Amino acid sequence: MLHRFPTGVTGEKVHQKRLPHGAPDWVRTVRVHFPRWNRHADELCVTHVADVVWAVQMSTVEFHPWNSRCTDVEQPDEWRIDLDPMPQASFADVRRVAGVVQEVLDGIGAVGWPKTSGGKGLHVYVRIEPHWGFTDVRRAAHAFAVEVARRAGDLVDLTWWRKDRDPKSIFVDYNQNARDHTIRSAYSVRGVPEAVVSTPVRWDEIADVDPREFTIATVPARFAELGDVHTGIDDAVFLLDELLEWADRDPR
DNA sequence: GGAGACC
DNA sequence: GGTCTCCAACGCCTG
DNA sequence: CAGGCG
Ligand SMILES: [Mn+2]
Ligand SMILES: [Mn+2]
């Protein structure tokens, strides 16, 4: 999905799933399905830099891709751990939860790839075998979140209702792995005047990173110096079996 | 930002 | 040709 | 089921 701002980031935001009419024929699309309503949409599938340039010309600021590939839309190859801080939680709290996340990932033999979200939170990608459907990936993500919450104590609150959630806590948003649920991609700009960028970081950087410092003004230099610190994300492919066993053991 | 509908 | 409108309805949650 | 959540 594209988040477009035809009159600028302070103007109206347009959520766009279907590729706009009049797109050049070299822009690829992928058909995604919404079985609940027996509907579908042809969304942009980025395969070249030119596709990004075209989308930006069309006033796109934020890119929110599915967690699966054009070649196998129904079976995600990415498990996304979405840390959403409540209003009174600090980035220091996010750091502490990230530490727990890394610990639990380590325990199950998974490699996580963290990035700032563009807001106050953090995303962690895990490359997975494209073998399970959205429901199972979400179940696995939930089981993982429960374990993180267990270890993190009051810091993590998995309550769905915002108003019932501790305002100082971090929500581990396992639902973000459901069908048609997306998060801002790596290197996507956020549609705010500060033009913050969702920026891949190394685990050891999290301790002293300030996410607000990653903007369109600073990230190009960082990228020039370090390259993409998520290079290597495809080297280890994780299997969800153990997490799904956790999910089966635990009632919901 | 741009297509398509309406005038 | 000028002006206006449309660009998402998806899946999961709880009560 | 309706309405909140992201
Ligand atoms: Mn988030
Ligand atoms: Mn979220």
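Only a predicted model underlies this, so the values are computations on that prediction, with no experimental measurement involved. Letters A, B, ... mirror the listed sequences (proteins, then strands); counts begin at 1.
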N-O pairing of A/E12 and A/R4 below 4.0 Å: no
Report the distance from atom CE of A/M86 to atom C1' of D/dG4, rounded to the nearest whole Å. 13 Å
Under 4.0 Å between a Lys/Arg side-chain N and an Asp/Glu carboxylate O for A/D42 and A/R31? yes
Rounding to the closest angstrom, what is the interatomic distance between C/dC10 and B/dG1 at atom P? 28 Å
Considering only atom C1', compute the distance from D/dC5 to C/dA9 and round it to an integer number of Å. 14 Å
Could you state the CH2-C1' distance from A/W66 to C/dG11, rounded to the nearest angstrom? 11 Å
Contacting residues from residues 150-163 of chain A, given that a heavy atom lies under 4.0 angstrom of DNA chain C: A/W160, A/W161
Do the side-chain N or O atoms of A/R138 get closer than 4.0 angstrom to the phosphate oxygens (OP1, OP2) of C/dG11? no
Could you state the CZ-P distance from A/R18 to C/dC6, rounded to the nearest angstrom? 16 Å
Aromatic ring centroids of A/W160 and A/Y174 under 6.0 Å? no
So which pairs with a foot in residues 40-146 of chain A pass disulfide (SG to SG under 2.5 Å), sequence neighbours left out? A/C45-A/C70
Taking every heavy atom of A/V201 against every heavy atom of A/I206, the minimum-distance pair comes out as CG2-CG1, 4.0 Å
Mind calculating the distance between CZ (A/R139) and C1' (C/dC13) to the nearest angstrom? 17 Å
Ignoring backbone atoms, establish whether A/R165 has a side-chain N or O less than 4.0 Å from OP1 or OP2 of D/dG4. no
Within this structure, what is the CG-to-P distance between A/D42 and C/dA9, rounded to whole angstrom? 12 Å
Just say parallel, tilted or perpendicular for the rings of A/F144 and A/W79, cut-offs at 30° and 60°. perpendicular
Please determine, for the side chain of A/H21, which listed nucleotide (C/dC10, B/dG2, B/dG4) has the closest atom? B/dG4
Which residues within residues 3-16 of chain A lie with some heavy atom under 4.0 Å of an atom in DNA chain C? A/R4, A/V14, A/H15, A/Q16
Per the under-4.0 Å heavy-atom filter, residues of residues 166-181 of chain A near DNA chain C come out as A/N175, A/R179, A/D180, A/H181
Which atoms form the tightest heavy-atom contact between A/P76 and A/G133, and what is the distance? CD-C, 4.2 Å
Are any of the side-chain nitrogens in A/R184 or A/E62 under 4.0 Å away from the carboxylate oxygens of its partner? yes
Atom CD of A/Q57 to atom P of C/dC7: distance rounded to whole Å? 22 Å
Would you say A/D72 and A/S68 are linked by a side-chain donor-acceptor pair, where the criterion is simply a distance under 3.5 Å? no
Provide, to the nearest angstrom, the distance between the CZ atom belonging to A/R39 and the P atom belonging to C/dA8. 10 Å
When rounded to the nearest Å, what value does the distance between P atoms of C/dT5 and D/dG6 take? 31 Å
With sequence neighbours left out, which residue pairs that include part of residues 178-215 of chain A fulfil the ring-ring contact (aromatic ring centres under 6.0 Å, His included) condition? A/Y187-A/F223
Apart from A/V56 itself, residues in the same hydrophobic cluster as defined by side-chain heavy atoms under 4.5 Å: A/L2, A/L19, A/W26, A/V27, A/L44, A/V46, A/V52, A/W54, A/M58, A/F63
Hey, mind stepping through A/T199 and A/K115 against side chain to side chain donor-acceptor pair (under 3.5 Å) and telling me if it holds? CA-CA 5 Å; A/T199 307; A/K115 67 183 185 74; over 6 Å; no
Length of the line joining A/L19:CG and B/dA3:P, which is rounded to integer Å: 12 Å
Tell me which nucleotide among B/dG1, C/dC12, C/dG11 gets nearest to the side chain of A/T135. C/dC12
